[in-house]
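Beneath this line is the structure, given in structure tokens, with notes to follow.
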There are 2 protein chains.
Amino acid sequence: MVEAPVADASRPRLTRERVLRRAVDIADAAGVEALTMRRLADELGVEAMSLYHHVRGKGGILDGAVELVLDELAAAADTSAVPAQDGGWRAAVRARLLAARTVMLRHPWAPDVMAARSVMTLGAARHVDAVVGLMRDGGLSYDLVHHGLHALGSRMFGFSPEIGEPDAGDQQGADALAGMAELVPHLAAMLAEVAHDDASTLGWCDDQAEFEFGLDLVLDGLDRLARGSSAAGDGRG
Amino acid sequence: MVEAPVADASRPRLTRERVLRRAVDIADAAGVEALTMRRLADELGVEAMSLYHHVRGKGGILDGAVELVLDELAAAADTSAVPAQDGGWRAAVRARLLAARTVMLRHPWAPDVMAARSVMTLGAARHVDAVVGLMRDGGLSYDLVHHGLHALGSRMFGFSPEIGEPDAGDQQGADALAGMAELVPHLAAMLAEVAHDDASTLGWCDDQAEFEFGLDLVLDGLDRLARGSSAAGDGRG
DNA sequence: ACCTGAACACCGTTCAAGT
DNA sequence: ACCTGAACACCGTTCAAGT
């Protein structure tokens with residue numbers, strides 16, 4: 001009746017790999033705030049302290065979980081790669097970042113964790129390295145590539161943080177804005193018109209379309225600069 | 001010898017305003033993670049529970065602190081406003097977002113809090129409304145303005161989250177990258193060249209210059225689209 | 001109405017002890 | 001080497017009690 005306390009076949013040996021996989025699963029299903037040492041241990045059929053034998057604490061778990069996501073990203077980018085000559089570096093970079101996005105959409109917590117613990121991990125560096133390689137092969141100078149990485153910002157990893165604009169279905173945000181329509185007339189007018197035009201989405205914004213719009217704006221700008229046709233920044237220096 | 005317990009002249013009456021101001025001070029000086037109910041109360045010479053009579057808990061404090069920062073932003077944007085006709089909407093938007101940036105640089109925690117608790121507050125809506133107004137007056141359609149807001153992303157509020165690239169003086173990131181130089185050859189080569197060229201900053205990147213580069217890239221792209229000269233996004237739809 | 005002290009339900013983590 | 005239980009030092013917050 002009493003369960004065998006250790007070396008049970010129903011509880012395979014604890015492993016760094018198993019710990020991190022389960023951490024990703026929890027974050028996917030319930031968000032990072034639900035990813036606690038005690039819950040993670042519990043789901044693995046173990047005590048919280050046992051985890052410390054396989055990972056360097058909570059921080060190590062977050063870093064390791066992100067690294068698993070970045071492995072997924074690398075795999076997705078490989079399978080959806082575009083032939084280099086087929087539209088040039090621009091199409092190749094575009095395809096890679098859209099592939100990255102499909103992975104990040106499966107792990108919405110990953111961007112937040114990457115932002116909070118911004119260290120240059122191997123997985124992140126490899127992704128950036130691939131993009132740098134594509135741009136360089138396309139004839140961009142390292143200097144322009146460098147500016148380009150900054151201009152891409154978080155779009156580099158397939159997402160763009162949406163601040164200030166309510167998401168599709170954000171009823172609370174919609175109500176709040178409606179309540180202050182007379183205080184923000186331009187914004188209210190814009191949203192009224194856009195919401196009316198764009199019946200394809202439930203709410204106001206099609207995140208995927210907006211991501212691609214912003215991405216193309218940056219890639220087009222870089223392409224133009226690479227060709228030397230015009231200078232960005234006539235305002236200052 | 002014993003201090004008067006209440007109505008002491010050295011302890012002015014607790015007020016929502018005083019609570020929020022002190023919250024901003026703590027976050028500025030020690031980061032958001034140092035902003036706890038107990039510490040905040042302590043610095044105000046009061047018990048933690050007293051705060052609940054003036055704010056709606058920790059969340060209300062964070063929201064209120066951000067709102068104070070946005071008030072500062074509005075004031076800074078007003079004083080550095082550019083005449084509308086002087087370079088058109090582009091220069092006016094540019095000036096406002098650079099003004100926003102100077103404020104956000106004084107409160108580096110604010111972007112994180114805004115991202116974490118993304119509700120459309122009055123202060124945020126007013127800032128966005130001003131930008132929409134400038135663009136609209138410049139002749140952009142509401143539809144283009146809407147896309148433009150998404151493309152600007154967090155640059156709207158004067159910052160751009162830097163993921164994956166070590167900051168200036170990030171020795172740990174530098175060491176990490178040096179250790180995997182052979183695994184990320186393009187990235188290593190780029191950084192070696194850029195670091196050599198750019199002797200003006202201590203580290204690799206001049207954040208202000210990169211912010212302006214990205215901002216100008218987006219504004220130029222929008223301006224070009226408004227003039228109808230070329231389409232962004234030849235890749236898809 | 002405003003403020004307090006004790007307590008509750010959580011965190012991540014250290015430590016000494018088990019096998 | 002691996003896992004455990006109790007404990008520590010924190011959190012935000014509820015509650016009943018004070019003035």
Side-chain angles (χ1 to χ4, degrees), chain A residues 2-27 29-66 109 112-113 116-117 119, chain B residues 2-27 29-66 109 112-113 116-117 119:
Chain A
V2 184
E3 305 173 1
V6 102
D8 191 337
S10 73
R11 192 177 65 174
R13 247 172 129 289
L14 207 53
T15 267
R16 180 182 149 84
E17 174 82 10
R18 283 191 65 226
V19 170
L20 297 181
R21 285 250 169 266
R22 186 63 93 153
V24 170
D25 291 344
I26 293 176
V32 244
E33 72 280 0
L35 178 56
T36 66
M37 300 299 280
R38 282 170 174 87
R39 169 162 178 179
L40 178 54
D42 213 59
E43 293 202 5
L44 290 165
V46 104
E47 294 301 312
M49 303 314 125
S50 306
L51 303 175
Y52 286 79
H53 291 277
H54 302 92
V55 267
R56 286 191 328 286
K58 181 73 179 287
I61 289 175
L62 292 175
D63 291 343
V66 165
W109 50 272
D112 296 347
V113 175
R117 309 183 48 82
V119 280
Chain B
V2 183
E3 304 174 2
V6 102
D8 190 338
S10 74
R11 192 177 64 173
R13 246 174 131 288
L14 208 54
T15 266
R16 181 182 148 82
E17 174 81 11
R18 283 191 65 225
V19 171
L20 298 181
R21 286 250 169 266
R22 187 62 94 153
V24 169
D25 291 344
I26 293 175
V32 245
E33 72 280 0
L35 177 56
T36 67
M37 300 299 279
R38 284 170 173 86
R39 170 162 179 180
L40 178 53
D42 212 61
E43 294 202 5
L44 290 165
V46 105
E47 293 301 312
M49 303 314 126
S50 306
L51 302 175
Y52 286 77
H53 291 276
H54 301 91
V55 270
R56 286 192 329 287
K58 181 72 179 286
I61 289 176
L62 291 176
D63 291 343
V66 165
W109 50 272
D112 296 347
V113 174
R117 308 183 50 80
V119 279

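Reminder, nothing fancy here: chain letters follow the sequence lines and each chain counts from 1.
Here C:dG12 presents its P atom at 13 Å from CZ of A:Arg117, a figure rounded to the nearest Å. A straight line from CG of B:Asp63 to C1' of D:dG12 spans 15 Å, rounded to a whole angstrom. Rounded to an integer number of Å, the gap from B:Met49 CE to C:dC3 C1' is 11 Å. The separation between B:Asp42 atom CG and C:dT4 atom C1' is 14 Å, rounded to whole Å. Put simply, CG on B:Leu14 is 20 Å from P on D:dT19, counting in whole angstrom units. Taking atom CG of residue B:Leu51 and atom P of nucleotide C:dC2, one finds them 14 Å apart after rounding to whole Å. Atom CZ in A:Arg18 sits roughly 14 Å away from atom C1' in D:dC3 (whole-Å rounding). One can place CD of B:Glu47 at 15 Å from C1' of D:dT19, the figure rounded to the nearest angstrom.
For the pair A:Arg13 and D:dC2, the criterion of a side-chain N or O lying under 4.0 Å from OP1 or OP2 is met. Considering only side-chain N and O atoms, A:His54 lies under 4.0 angstrom from the phosphate OP1 or OP2 of D:dC3. Residue B:Tyr52 places none of its side-chain N or O atoms closer than 4.0 Å to OP1 or OP2 of D:dT14.
Remark: side-chain polar atoms of A:Arg22 are not paired, donor with acceptor, to backbone N or O of A:Leu40 under 3.5 angstrom. Within the 3.5 Å criterion, the main-chain N or O of A:Arg39 finds a donor-acceptor partner in the side chain of A:Thr36.
Residue contacts for A:Ser50: at a heavy-atom cut-off of 4.0 Å it reaches a base atom on one of the strands shown.
Side-chain contact between A:Asp63 and A:Val55 is absent, with no heavy atoms from C-beta onward closer than 4.5 Å. Residues B:Trp109 and B:Val24 meet the side-chain proximity criterion, which asks for heavy atoms closer than 4.5 Å.
Closest approach of A:Gly57 and A:Met37 over heavy atoms only: C-CE, 4.3 Å.
The base-pairing partner of D:dA7, taking Watson-Crick or G-U wobble contacts with both distances under 3.5 Å, is C:dT13.
For B:His53 against C:dC3, a side-chain N or O and a base N or O form a donor-acceptor pair under 3.5 Å.
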